[in-house]
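This report concerns only the one structure given below.
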Amino acid sequence: MALTFYNTLTRALEPFKPLQEGKVGLYTCGPTIYNFAHIGNFRAYVFEDLLRRYLEYRGFEVKHIMNLTDVEDKLIRTCRETGQPLKALTAKFAAAFFEDVATLKIKPAQLYPAATDHIPEMVEMIKVLRDKGHTYEDKGSIYFKIGSFPGYGGLGHMDLSQLQSGASGRVDADEYEAEEARDFALWKAWDADDGEVYWETELGKGRPGWHIECSAMSTKYLGPHFDIHCGGVDNIFPHHENEIAQSECATGKTFVNYWLHCAHLVVEGRKMSKSLGNFFTLRDLVGKGIDPVAIRWVLLATHYRQPNNFSFDAVEAAKQSLNRIRDFRIRLAEVRGDGADLAELCEKCRAEFEAEMDSDLNISGALGAVFNFVRDVNKALDEGGAGVRGAQNALDLLDRLDAVTGILAPSTEEEAPAEIMDKVLARQQARRDRNFAESDRLRDEVLAAGWVIEDTPKGPRVKKA
RNA sequence: GGCGGCAUAGCCAAGUGGUAAGGCAGAGGCCUGCAAAGCCUUUAUACCCCGGUUCAAAUCCGGGUGCCGCCUCCA
């Protein structure tokens with residue numbers, strides 16, 4: 001079965017065909033680094049990570065570019081209010097973002113180009129658009145005339161005549177300077193509020209609009225026409241719509257073949273908002289002692305086009321699921337002797353996993369296949385029907401699937417400290433003496449210290465509680 | 001006002017015309033000195049509501065209700 005993606009452009013499932021055999025150009029809209037990213041943002045980045053990892057699993061060489069938006073209204077306001085230079089502010093949050101990416105085991109993109117490092121590229125593209133008659137100037141700012149691009153509205157399937165100016169409440173329409181409210185800024189002329197944030201260019205003194213950065217940088221690093229562009233559904237209109245307009249008008253080429261967008265995340269069934277008290281950054285959650293891999297699990301385990309309901313019950317369930325996988329791996333690692341090689345079970349799991357993932361990254365179905373595998377192999381182990389080779393085959397398969405999901409790795413927990421192990425040994429002696437009151441007392445002590453004892457035929461196993 | 005998405009057990013979540021995957025939690029059993037882990041069995045007369053199409057619908061159509069999103073810089 002062929003790898004298939006749902007393309008926002010056509011609103012249909014399409015077999016994936018890269019422009020170049022075996023290679024994929026992937027551009028994903030990254031964060032605006034004016035604050036710590038929240039878990040809703042990471043839902044998108046985790047989805048993109050899954051996409052990228054699965055493409056690599058499928059043998060594609062993926063060139064993944066994620067931009068960092070480091071000049072924008074909120075940033076400029078903060079600079080003005082705090083007196084900090086723009087770069088100092090963005091450097092701090094960029095560093096925080098990369099820490100968070102590592103925490104969630106997101107595979108880093110090959111490149112994270114920042115908007116402010118690509119002003120010349122943006123100026124160049126705006127000049128081309130100007131020369132081709134797609135722009136107009138007003139009070140020093142340059143706007144893109146959407147009426148000059150016949151395909152405008154194709155991605156969002158928007159009927160332009162129905163657009164209500166300012167309906168989102170995000171802008172003050174009265175202050176808007178474009179000829180038509182639907183037109184968008186390519187270049188914004190400097191005004192006093194911008195303070196020190198400006199560039200002197202052939203277009204005048206000012207700063208770029210938001211949309212142009214993605215067009216300029218994706219073209220620079222992936223070429224004018226590339227394979228996949230991702231983002232959250234909120235990016236469909238206007239951001240991606242505008243990117244298409246700019247890029248296709250500037251280069252005369254098709255911009256992107258496949259547009260993939262993920263649905264939003266809600267928390268406890270409600271839109272995440274500070275007033276509801278359900279707004280979380282990754283740091284907030286890790287600070288509560290939640291295993292980051294459990295967070296990754298919750299963000300990942302819902303199909304990307306479904307709304308994801310992040311709840312603490314779901315985190316708890318994910319944590320238990322993780323334990324199940326980790327315990328399973330421990331059990332496999334302890335297998336000794338000859339026995340079945342489990343080749344059939346491994347092959348069945350692999351085939352089901354791939355079939356589900358091929359189908360527009362159906363991760364829920366794919367994880368279902370993994371859990372069926374865990375159950376079937378556990379059963380084989382119970383019946384003494386598996387040997388070292390089988391266990392190794394199973395572990396190898398989990399490693400391969402972990403390369404895709406990032407949630408099937410062994411526990412990285414440390415060994416229990418010596419004083420705990422002393423108590424474990426003392427408990428063993430008490431058990432041999434059939435002094436169960438003492439052995440249970442020692443087990444409770446060990447548990448109180450944060451370690452769980454599981455007795456196995458080969459002796460006690462000690463795990464972090 | 002316009003447009004789009006979603007609604008499946010206590011919770012999370014697949015399935016999108018042929019009779020409800022999987023996980024977590026719960027119940028019973030096996031194993032264990034007792035536990036834990038694991039295994040087995042079990043847990044939705046049925047998929048938001050009301051109509052309709054069909055031999056057959058969670059799945060298609062129409063109408064509701066609720067939630068989420070977009071309609072100029074939010075993943």
Side-chain angles (χ1 to χ4, degrees), chain A residues 11 28-32 37-48 69 72-74 146 156-171 173 176 178 180-185 188 209-211 213 230-239 241-242 261-266 269-271 297-298 301-303 305-321 323-324 327-328 330-331 352 356 362-372 374-375 378-383 431 434-436 439-440 443-444 447 452-456 460-461 463:
Chain A
R11 305 268 157 129
T28 61
C29 281
T32 300
H38 57 69
I39 51 168
N41 296 316
F42 283 110
R43 196 266 163 114
Y45 306 143
V46 167
F47 143 62
E48 288 153 1
T69 299
E72 167 269 357
D73 293 349
K74 284 183 290 264
I146 62 172
H157 298 140
M158 304 293 280
D159 177 351
L160 295 182
S161 63
Q162 296 299 321
L163 292 188
Q164 195 170 322
S165 171
S168 69
R170 283 197 215 152
V171 290
Y176 212 76
E180 277 198 82
R182 304 170 331 201
D183 294 334
F184 59 92
K188 297 177 167 186
W210 175 40
H211 312 293
E213 66 176 83
C230 297
V233 285
D234 54 292
N235 278 156
I236 295 172
F237 192 92
H239 185 229
E241 195 74 59
N242 290 168
H261 294 95
C262 68
H264 277 194
L265 177 96
V266 294
R270 308 294 304 180
K271 179 181 178 172
W297 191 302
V298 175
T302 300
H303 182 86
R305 286 191 287 115
Q306 294 295 336
N308 185 328
N309 184 12
F310 187 95
S311 69
F312 288 95
D313 281 350
V315 169
E316 187 53 34
K319 195 174 160 233
Q320 291 305 324
S321 300
N323 281 148
R324 179 113 191 268
D327 287 349
F328 177 58
I330 290 170
R331 194 175 183 204
E352 284 177 6
E356 294 291 356
N362 187 352
I363 186 66
S364 308
L367 290 177
V370 173
F371 277 108
N372 284 334
V374 171
R375 186 197 57 223
N378 263 322
K379 193 170 178 178
L381 292 172
D382 274 359
E383 290 163 357
R431 291 180 76 213
R434 304 198 66 77
N435 182 355
F436 295 122
S439 72
D440 288 352
R443 183 170 61 195
D444 288 344
L447 182 62
V452 176
I453 299 175
E454 290 175 6
D455 291 322
T456 76
R461 179 192 293 156
K463 298 191 317 186

If the C1' atom of B:A21 is compared with that of B:U32, how far apart are they to the nearest Å?
-> 32 Å
Between B:A36 and B:G26, how far is it from one P atom to the other, in whole Å?
-> 11 Å
Does A:Lys271 put a side-chain nitrogen or oxygen below 4.0 Å from OP1 or OP2 of B:G69?
-> yes
Below 4.0 angstrom from OP1 or OP2 of B:G15, is there any side-chain N or O of A:Asn362?
-> yes
For B:C70 and B:U59, measure between their C1' atoms and round to the nearest Å.
-> 27 Å
Base-contact (B) and sugar-phosphate-only (S) positions in nucleotides 32-39 of chain B, heavy-atom cut-off under 4.0 Å, - elsewhere = -BBBBSSS
Give a yes/no answer on whether the side chain of A:Ser311 brings an N or O atom under 4.0 Å of OP1 or OP2 in B:C12.
-> no
Between B:G23, B:A75, B:A14, which nucleotide gets closest to the side-chain atoms of A:Asn41?
-> B:A75
Whole angstrom value for the distance that separates P of B:C24 from CZ of A:Phe328 | 13 Å
Could you check how far NE2 of A:His264 sits from C1' of B:G69, rounded to whole Å?
-> 6 Å
Does a side-chain N-to-carboxylate-O contact under 4.0 Å join A:Lys379 and A:Asp382?
-> no
How long is the line joining CD of A:Gln306 and C1' of B:A58, in whole Å?
-> 14 Å
Send over the distance from A:Phe237 CZ to B:G69 P, rounded to a whole Å.
-> 18 Å
Decide, applying a 5.5 Å centre-distance limit and a 30° plane-angle limit (both strict), whether A:His303 stacks on B:A13.
-> no
